[in-house]
Structure formats: C-alpha cells, structure tokens
Amino acid sequence: MVKIFIDPGHGGTDPGASGNGLQEKQLTLQIALALRNILLNEYQNVSVQLSRTSDQTVSLTQRTNAANSWGADYFLSIHINAGGGTGFEDYIYPGVGAPTTTYRDLMHEEILKVVDFRDRGKKTANFHVLRETVMPALLTENGFVDNTSDAEKLKSSAFIQSIARGHANGLARAFNLSKKSAALYKVQIGAFRNKANADSLAAQAEAKGFDAIVIYRDSLYKVQIGAFSSKENADALVQQAKNAGFDAFIYQE
C-alpha cells in the first residue's frame with residue numbers, strides 16, 4: 001500500500017496569495033480534493049491522507065508531524081504562486097538525491113504534459129514542509145493568481161481538474177500505481193444451486209437468440225447473457241431479455 005500525504009497549502013486564517021478574485025487556500029484545496037478522488041477511485045493499493053479537507057488553519061508543524069506519524073511514503077504540498085511571474089514550478093529540499101529527485105522529475109514532466117503553463121523549472125528551497133518531512137517531499141506552485149492569464153485558467157474547474165490529473169499521473173508513474181479494473185455491468189437472468197437448472201435456462205436463452213454462459217460464483221450457478229462497460233448497453237439488453245420473458249437484472253463486479 002502506497003501512502004500519499006497531500007498538503008493543500010495555507011487555509012483558515014492564512015489565505016495565502018490572492019489576486020484577480022482568487023485565493024490560494026481555496027484553489028489548493030480544490031486541487032487536493034480532486035487529486036484524492038482520482039487516486040482513490042482509479043488506482044489500486046493507494047492510501048491518501050490530507051493535511052486539511054476544509055478551510056481550516058493548520059500549522060506547518062502540524063502538517064509535517066501528521067505525515068511523519070502516519071508513515072507516508074510521499075509528501076506533496078500544493079500551492080499557487082504570486083509575485084509577478086507566470087507558469088509552473090516545483091521545489092525539493094536542497095542537496096537531496098534519489099528517489100526525491102526521480103519522483104520530482106516524473107511529477108514535473110506529467111503535470112506539464114496536461115497543464116497549459118509555462119515551465120519555470122525544477123528548483124530547491126529550504127521550506128519547512130520539505131525540510132521537516134522524513135519521506136521524499138515535493139512542493140508544486142501551480143500558476144500565479146496575480147497574473148491575468150494564469151488566473152483565468154485557474155478560474156476554470158476543468159483546468160483545476162487537469163492540474164489534479166497531472167499530479168495523479170506523476171504519482172502513478174513514480175510509485176508504479178496500478179489502475180483499477182473497469183467495473184462491468186453484467187446482465188443475469190438466473191442463479192441456481194443445481195447446475196442442471198442453470199444449463200436449462202441458458203439453453204432457453206440461447207434458443208431465443210441470447211449469448212448465455214453459466215458461471216459458478218458464490219456457491220451458485222449464474223446464467224449471464226452479457227457484460228458491458230456501458231450501463232446504457234446493459235440496460236438495453238435487460239429490456240430485451242424481459243421482453244423475451246426472462247427475469248433479467250444488472251449486477252456489477
């Protein structure tokens with residue numbers, strides 16, 4: 001299980017940078033929550049903890065202590081920049097080597113693949129969250145709120161989602177995360193303890209033009225007539241089966 005600690009910068013009484021009607025603390029939380037959802041919904045064997053999940057005040061020491069005590073494998077601090085520039089940059093602690101540098105390179109590459117920001121480079125800084133964490137750590141700066149062009153992008157929920165997606169893609173490469181298998185919508189018309197009964201029903205379904213198979217699972221012989229990634233297609237087959245006199249329903253695995 002890979003343990004990823006996500007730190008949405010600032011929060012509560014500390015708004016962070018502001019400009020063009022945006023506040024850093026709100027944007028970092030949006031990105032962090034979207035990133036958490038992508039990781040948990042799409043990848044196997046990953047556990048995620050956030051330093052905050054709402055607009056609350058959390059000290060820098062509380063953030064690093066939480067990650068250290070949890071035993072995180074990676075600390076990712078998400079920020080938005082200000083100060084007259086434009087684009088994306090990231091930071092690691094000065095002088096650290098692999099795997100921190102390897103992870104940083106992968107994150108940097110994947111984020112810039114999907115986010116329309118100028119590349120400001122890979123940098124180092126003596127930030128608390130990079131210095132006091134006992135695991136590899138990265139801090140990303142995702143655009144400038146005081147730059148009109150960057151700010152317009154950051155106002156788009158789709159763009160925020162792209163930033164989160166870039167971070168997720170980087171984490172997936174860095175930690176070799178495996179995608180979850182896509183759930184299939186399976187259409188079933190019967191389940192029996194006796195295989196002969198299942199075979200009989202399958203034969204009836206085939207006689208009416210359905211592709212029926214018998215699957216033994218959960219101590220039952222189940223008669224299945226289709227499996228789809230699209231629920232609409234499964235719904236259509238259910239209706240066809242019902243019209244043909246079968247008691248059809250959808251289940252997922």
Problem - Straight-line distance of His167 NE2 to Ile111 CD1, nearest 0.5 Å - result: 3.5 Å

Handout entry: Flag side-chain contact, heavy atom, 4.5 Å: Leu33 against Leu50
Key = yes

Practice task
Could you tell me whether a side-chain N or O of Asn142 sits under 3.5 Å from a main-chain N or O of Ile80, the two making a donor and an acceptor?
Solution key: no

Problem - Sidechain-backbone polar pair: Ser156 side chain, Glu152 backbone, donor-acceptor under 3.5 Å - result: no

Handout entry: Side-chain heavy-atom pair Glu42, Arg165 within 4.5 angstrom cut-off
Key = yes

Practice task
State whether the side chain of Arg63 and the backbone N or O of Val58 hold a donor-acceptor pair below 3.5 Å, judged by distance alone.
Solution key: yes

Handout entry: Sidechain-backbone polar pair: Asp146 side chain, Gly84 backbone, donor-acceptor under 3.5 Å
Key = yes

Exercise for the section: Can you measure from NZ (Lys3) to CG (Asn45) and round to the nearest 0.5 angstrom? Expected result: 13.5 Å

Exercise for the section: Run the salt-bridge test on Glu141 and Lys123 with the 4.0 Å N-O cut-off and return the result as yes or no. Expected result: no

Practice task
Apply the test side-chain contact (heavy atoms from CB on, under 4.5 Å) to residues Leu22 and Lys155: give CA-CA distance (whole Å), side-chain angles for both, the deciding distance (0.1 Å), then the verdict.
Solution key: CA-CA 8 Å; Leu22 298 172; Lys155 289 177 182 177; 3.8 Å; yes

Handout entry: Expected output: side-chain Asp218 to main-chain Leu220 donor-acceptor under 3.5 Å
Key = no

Fill in the blank from the handout: The reported gap from CD in Gln56 to OG in Ser51 (rounded to nearest 0.5 angstrom) is 8.0 Å

Practice task
Establish whether Phe159 and Val114 are linked, either directly or via other cluster members, by ILVMFWY side-chain heavy-atom contacts under 4.5 Å.
Solution key: yes

Practice task
For atom CG of Asp211, decide whether the heavy atoms of other residues, nucleotides or ligands shown that lie under 6.0 angstrom number more than 12.
Solution key: no

Handout entry: Centroid-centroid under 6.0 Å between Tyr185 and Phe228 rings
Key = no

Practice task
Would you check if Leu39 and Leu171 make a side-chain contact, meaning some heavy-atom pair closer than 4.5 Å?
Solution key: yes

Practice task
Indicate whether the side chain of His10 and that of Thr28 have a donor and an acceptor atom separated by less than 3.5 Å.
Solution key: no

Handout entry: Fellow cluster residues of Ile215, listed by chain then number, with links counted only when side-chain atoms sit under 4.5 Å apart
Key = Ile213

Practice task
With the side chain counted from C-beta on, respond yes when Tyr74 and Met107 share a heavy-atom pair under 4.5 Å apart, and no when they do not.
Solution key: yes

Handout entry: 4.5 Å side-chain heavy-atom contact, Glu132 and Thr61
Key = no

Problem - pair Ile78-Leu35: side-chain heavy atoms closer than 4.5 Å - result: yes

Handout entry: Which atom of Phe75 lies closest to which atom of Ala67, heavy atoms considered
Key = CD1-CB, 3.5 Å

Practice task
State, yes or no, whether a side-chain contact exists between His108 and Asp119 at a heavy-atom distance under 4.5 Å.
Solution key: yes

Practice task
With the side chain counted from C-beta on, respond yes when Asn68 and Thr133 share a heavy-atom pair under 4.5 Å apart, and no when they do not.
Solution key: yes

Handout entry: Atom of Ser59, atom of Gln62 and distance for their closest heavy-atom approach
Key = N-OE1, 2.8 Å

Handout entry: Full working for ring pair (Phe, Tyr, Trp, His ring centres under 6.0 Å) between Tyr221 and Phe192
Key = CA-CA 5 Å; Tyr221 294 96; Phe192 305 88; 9.1 Å; no

Practice task
Could you tell me the separation between the OG1 atom of Thr100 and the CE atom of Met135, rounded to the nearest 0.5 Å?
Solution key: 10.5 Å

Can I get a per-line list of side-chain donor-acceptor pairs under 3.5 Å for residues 239-246, giving both atom names and the distance, sequence neighbours left out?
| residue | atom | partner | partner atom | Å |
| --- | --- | --- | --- | --- |
| Gln239 | NE2 | Asn243 | OD1 | 3.1 |
| Asn243 | ND2 | Gln239 | O | 3.2 |

